[in-house]
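Comments concern the structure below.
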Amino acid sequence: MIRKHSATLHGHRTSFTLEDGFWDELKAIAAARGLSQAALIAEIDDARPPESNLSSALRLYVLQWLKDARLPS
């Protein structure tokens with residue numbers, strides 16, 4: 001299911017839409033990195049290209065994180 005979520009980034013409220021699976025992975029990534037969910041989302045938001053939207057940037061971040069986790073060390 002796709003759901004709307006909200007977060008406060010740099011003092012302003014923003015919303016984004018994510019499928020439950022991506023939201024669950026974002027929460028797990030934040031926990032693994034020792035960050036709050038808002039801090040992780042702000043980090044992703046700061047790094048995204050200006051022409052992309054936050055929802056897409058979050059999905060791509062999760063995808064890259066999972067791909068990197070599959071690589072042998």
### Query
Should side-chain heavy atoms under 4.5 Å link Ile, Leu, Val, Met, Phe, Trp and Tyr, which residues sit in the same cluster as Met1?
none
### Results of side chain to side chain donor-acceptor pair (under 3.5 Å) for Ser56 - residues two or more places apart only
Asn53
### Task
Applying side chain to side chain donor-acceptor pair (under 3.5 Å), name anything that partners Asp45, two or more places apart in sequence or on another chain.
Arg48
### Summary
Across all chains, not counting sequence neighbours, the side chain to side chain donor-acceptor pair (under 3.5 Å) partners of Gln64 are Asp68
### Task
Looking only at non-hydrogen atoms, find the nearest pair between Ser6 and Phe16 and report the distance.
C-CE2, 4.4 Å
### Query
Where do Thr17 and Ser55 come nearest, in terms of heavy atoms and distance?
N-OG, 3.0 Å
### Task
Quick one: list whatever passes side chain to side chain donor-acceptor pair (under 3.5 Å) with Thr8, sequence neighbours left out.
Arg13
### Query
Among Ile2, Leu18, Val62, which residue meets the side-chain contact (heavy atoms from CB on, under 4.5 Å) test with Trp23?
Leu18
### Task
Could you tell me the separation between the CD1 atom of Ile41 and the CD1 atom of Ile29, rounded to the nearest 0.5 Å?
10.5 Å
### Message
Is the shortest side-chain heavy-atom distance between Leu9 and Asp46 below 4.5 Å?
### Response
no
### Message
If the threshold is 4.0 Å, N to carboxylate O, is there a salt bridge linking Glu19 and Arg3?
### Response
no
### Task
With rounding to the nearest 0.5 Å, note down the distance linking CG in Leu26 to CG in Leu58.
5.5 Å
### Task
Could you tell me the separation between the CD1 atom of Ile44 and the CH2 atom of Trp65, rounded to the nearest 0.5 Å?
10.0 Å
Donor-acceptor pairs under 3.5 Å, side chain of residues 31-40 to any protein atom, not counting sequence neighbours: which ones?
unit_1: Arg33; atom_1: NH1; unit_2: Glu43; atom_2: OE2; d: 2.7
unit_1: Arg33; atom_1: NH1; unit_2: Tyr61; atom_2: OH; d: 2.9
unit_1: Arg33; atom_1: NH2; unit_2: Glu43; atom_2: OE1; d: 3.1
unit_1: Arg33; atom_1: NH2; unit_2: Glu43; atom_2: OE2; d: 3.2
unit_1: Ser36; atom_1: OG; unit_2: Ala39; atom_2: N; d: 3.0

